[in-house]
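To start, the structure under review is shown below, and the notes come after it.
One-based numbering, in listed order, for ligands and for the atoms of each. It should be emphasised that the depicted structure is a prediction, and the values quoted were computed from it without experimental measurement. Residue numbers start at 1 and run along the sequence shown.
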Amino acid sequence: MYNERQKMEAPQKKRDIRDLSLDELRAELEAMEERPFRAAQIFDWLYHKGVSDFAGFTSLSKPLREKLAGRFTIGALELADKRASADGTTKFLFRLHDGEFIETVLIPAGKRLTVCLSTQVGCKFACAFCASGLHGFKRNLAPSEITGQVLYLQRSIGLELTNFVFMGMGEPLDNWTNVEKAIRIMNAPEGLAIAARRMTVSTAGYVPAFKRLGAFDLQVNLSLSLHAVTDRLRDKLMPINRRFPLEEVVRAAEEYIRSGGRMITLEYIVIRGLNDSLDDADGLAGVARRLRAKVNLIAYSPVEGLEFETPTDAELARFKRRLEERKVNATLRQSKGSDIAAACGQLAGRFKRSER
Ligand code: SF4
């Protein structure tokens with residue numbers, strides 16, 4: 001029978017060592033009565049050499065390797081499926097340790113090779129045009145599951161990844177503790193050594209996000225997903241707007257810029273007949289000018305089960321021209337990978353038969 005004594009002796013669940021920042025690992029080593037400088041050596045094995053078994057950490061003593069193996073695991077994402085688009089985009093479906101799935105997208109464009117990273121399984125915010133929120137929120141990703149997406153791609157494709165956007169499944173600022181730690185590990189020279197300016201965090205307008213990012217010492221880029229310029233429409237398209245209305249979001253963004261944050265980019269998915277009128281363009285120009293922001297226009301990509309429409313090239317061009325007439329710097333960003341449901345708003349954490 002399972003008695004109290006056995007209960008006390010029950011083995012503790014091991015943590016993934018890649019959930020620890022460098023400072024946390026130093027503290028753990030001290031608690032284990034080991035020298036803290038070993039943390040940098042362990043990071044080197046984990047992130048530079050990519051060794052996923054403590055026995056392979058040959059610069060460490062055997063007793064220390066055994067101690068580490070007794071306390072920690074080194075998890076890895078398991079590739080469940082992979083799809084390549086005709087435009088060069090590749091979507092990866094990863095199975096997590098608890099059977100949940102996430103998607104990561106690799107987007108080549110000229111000399112850039114951008115990775116779109118997921119930060120949550122599902123999403124709480126249920127934007128009307130987005131597949132990620134369709135099935136609700138399951139859980140936050142751990143830091144190791146966020147950096148794990150980068151590590152997997154670095155190892156498997158053998159090409160240098162140039163840009164890292166936290167725009168996959170989930171609202172990154174709603175999982176800030178883990179996203180922040182993942183960014184620190186990605187940025188640390190002992191970690192993945194990725195410059196902060198090559199990372200972009202996006203938000204759907206989660207107001208506390210601006211304060212959090214404003215206080216963050218690493219100069220990552222911030223992108224605000226706007227998608228509508230009236231509360232009436234934004235309430236419908238992005239329910240987060242009912243909690244944080246447009247004016248409150250724009251004021252928080254202004255404050256973020258005033259307090260020394262980097263320039264903001266506005267993302268705007270153009271949906272035919274819904275947010276693509278010249279009045280919408282004028283409203284968007286007003287917000288962009290207040291924030292001195294650049295605008296990325298993205299044509300809506302169809303999501304199975306949703307009835308929104310993609311604008312024509314001419315409609316997009318007219319919208320963009322209007323922004324330019326209002327002296328706003330606007331780019332028409334090709335939303336890549338729509339044939340494999342890898343484009344903006346299409347990530348659902350599962351592959352459908354139609355994508356095969
Ligand atoms: S657009 Fe972003 S915030 Fe909105 S449901 Fe999709 S993942 Fe969530």
May I ask you to test the Ile269-Phe308 pair for a side-chain heavy-atom distance under 4.5 Å? no
Below 30° counts as parallel, above 60° as perpendicular, anything between as tilted: where do the rings of Phe54 and Phe72 land? tilted
Mind checking whether Phe129 and Tyr300 have ring centres under 6.0 Å apart? no
State plainly whether the residues Glu100 and Arg139 are in salt-bridge range, i.e. N to O under 4.0 Å. no
Ala204 heavy atoms, cut-off 4.0 Å: which ligand 1 atoms fall inside? 3 (S)
List ligand 1 atoms under 4.0 Å from Ala126, heavy atoms only on the residue side. 5 (S)
Carboxylate-amine/guanidinium contact Glu254 Arg290, below 4.0 Å: yes
Which is it for Cys127 and ligand 1 at heavy atoms under 4.0 Å: side chain, backbone, both or neither? both
Check each heavy atom of Ser202 against ligand 1 and say whether those closer than 4.0 Å belong to the side chain, the backbone, both or neither. neither
Output yes if Cys123 passes the N/O/S-under-2.8 Å test against atom 8 (Fe) of ligand 1; output no otherwise. yes
